[in-house]
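Here's the structure, in structure tokens; my notes come after.
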Amino acid sequence: MTPPPPRPGRGGAPVPLLLPALAGLVFLVLPLVALLVRAPWRSMPELLTSAEVWQALRLSLVCATAATAVSLVLGVPLAWLLARVEFRGRGLVRALVTLPLVLPPVVGGVALLMALGRNGVVGRWLDSWFGLTLPFTTTGVVIAEAFVAMPFLVISVEGTLRAADPRYEEAATTLGASRFTAFRRVTLPLIAPGVAAGAVLAWARALGEFGATITFAGNFPGRTQTMPLAVYLALQNDPEAAIALSLVLLAVSIAVLAGLRDRWMTAS
């Protein structure tokens, strides 16, 4: 009986590949280890319960959750449109949806100002008709975070929709259900894990957003100063507080990665 061929990647690694691989691992891990080593563990409870830090933490959690809710309401239908509906220019629409993933966040903030600022393309009408000003407000933080976070949800949900069998949805429509009812009662429960994964990714991205937020919403304590902005400000005046806030963001990132490891990672 012929033995099965050896599985690729199970042998010893050649030195020309092993050395740069280890160097890359050290390059990525060393800053995180340094953050843990230099953390003021004894004063951590006092730092994290100070009024300024608590304001930034609370605002970050509220705004990231609101931005995720906006992303769910708008992003899930958008992902369904891209995955289920054939129309001319779908590739262009998908490219535009994913553009915030590669767009520098500061550029995204400037674009939001040009669109929704008081003199923006849409913002001028919001101001004159409804007296609504979005920049440099808490609502502006939510908008900036949703702008950069929604593509993560759309990509995750679209991929799940493409993997799901559309025949269940088609069977529901042949039995008399409308397209929306079939989506709500059949498709949505099937893709719920993908929606949840996308929502977690969007939430984590919104929580760590910096560039678009500071450009579009500013950095006002208690109103628009989120945790990344507080880290930037504290680094100039109170490095220990900056480290403490950075550790909170690091813990959130690790929790998100651990929660999604079965979806995004393969078992060794």
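- Summarising the geometry of L61 relative to W203, their closest heavy-atom pair is CD2-CZ2, 3.7 Å, with the distance given to 0.1 Å.
- Remark: the backbone N or O of L201 is not paired with any side-chain donor or acceptor of R205 at under 3.5 angstrom.
- F27 CZ: 12 or fewer foreign heavy atoms inside a 6.0 Å radius.
- Other residues, nucleotides and ligands contribute over 12 non-hydrogen atoms within 6.0 Å of the CZ atom of R84.
- Heavy atoms from other residues, nucleotides or ligands lying under 6.0 Å from CG of N119 number 12 at most.
- Looking at R94 and E158, a side-chain N of the basic residue comes within less than 4.0 Å of a carboxylate O on the acidic one, giving a salt bridge.
- Here the side chain of E209 pairs a donor or acceptor atom with the backbone of A212 at under 3.5 angstrom.
- From M114, atom CE reaches atom CG of L116 across 10.5 Å, with rounding to the nearest 0.5 Å.
- Looking only at side-chain heavy atoms (C-beta outward), L103 and V148 stay at 4.5 Å or farther from each other.
- Between the side chain of R118 and the backbone N or O of G123 there is no donor-acceptor pair closer than 3.5 Å.
- Taking a 6.0 Å sphere around CZ of R162, one finds it holds more than 12 heavy atoms contributed by other residues, nucleotides or ligands.
- Side-chain contact between L134 and I143: present, with at least one pair of heavy atoms (C-beta onward) separated by less than 4.5 Å.
- Here the CG-CD distance, from L235 to E240, works out to 12.5 Å after rounding to the nearest 0.5 Å.
- Between the CD atom in Q225 and the CG atom in L233 there is a gap of 5.5 Å [rounded to 0.5 Å].
- The side-chain heavy atoms of P135 and T133, taken from C-beta on, include a pair separated by under 4.5 Å.
- The shortest side-chain heavy-atom distance between V231 and F210 does not fall under the 4.5 Å cut-off.
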Residue pair T181, V186: steps toward the side-chain contact (heavy atoms from CB on, under 4.5 Å) verdict: CA-CA 8 Å; T181 301; V186 178; over 6 Å; no
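- The minimum heavy-atom distance linking A144 with L112 is given by the pair CA-CD1, 3.7 Å.
- Between W125 and S128, some side-chain heavy-atom pair lies under the 4.5 Å cut-off.
- With rounding to the nearest 0.5 Å, the separation of CG in L99 from CZ in F147 is 7.0 Å.
- Under the 4.5 Å side-chain heavy-atom criterion for grouping Ile, Leu, Val, Met, Phe, Trp and Tyr, V106 is not connected to I214 through any hydrophobic cluster.
- Using a 4.5 Å heavy-atom threshold, the side chains of R90 and L82 count as touching.
- Under the 4.5 Å side-chain contact rule for hydrophobic residues, V76 and V97 share a cluster.
- Between the side chain of E145 and the backbone N or O of A67 there is no donor-acceptor pair closer than 3.5 Å.
- The side-chain heavy atoms of V110 and F216, taken from C-beta on, include no pair separated by under 4.5 Å.
- With a 4.5 Å cut-off on side-chain heavy atoms, V248 and L57 count as touching.
- Both L161 and V93 belong to a single network of hydrophobic side chains, linked directly or stepwise wherever heavy atoms of I, L, V, M, F, W or Y lie under 4.5 Å apart.
- Of all non-hydrogen atoms in G140 and A217, the two that sit nearest each other are C-CB, 4.0 Å.
- Heavy-atom neighbours of Y232 OH from other residues, nucleotides or ligands within 6.0 Å: at or below the threshold of 12.
- Side chain of S156 to main chain of L153: no donor-acceptor pair is present (N/O by atom type, distance under 3.5 Å, no hydrogens or angles).
- For the atom pair I191 CD1 and L188 CG, the distance stands at 5.5 Å (nearest 0.5 Å).
- Of all heavy-atom pairs between T224 and T213, the closest is O-CG2, 4.3 Å.
- The OG1 atom of T226 lies 7.5 Å from the CG atom of N219; values are rounded to the nearest 0.5 Å.
- Taken together through direct or relayed side-chain contacts under 4.5 Å among Ile, Leu, Val, Met, Phe, Trp and Tyr, L113 and V141 form parts of separate hydrophobic clusters.
- Note on W54 and V62: separate hydrophobic clusters, where clusters join Ile, Leu, Val, Met, Phe, Trp and Tyr whose side-chain heavy atoms are under 4.5 Å apart, directly or indirectly.
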Review item, side-chain donor-acceptor pairs of residues 28-48, under 3.5 Å, at least two apart:
residue : atom : partner : partner atom : Å
W41     : NE1  : L36     : O            : 3.1
S43     : OG   : P40     : O            : 3.4

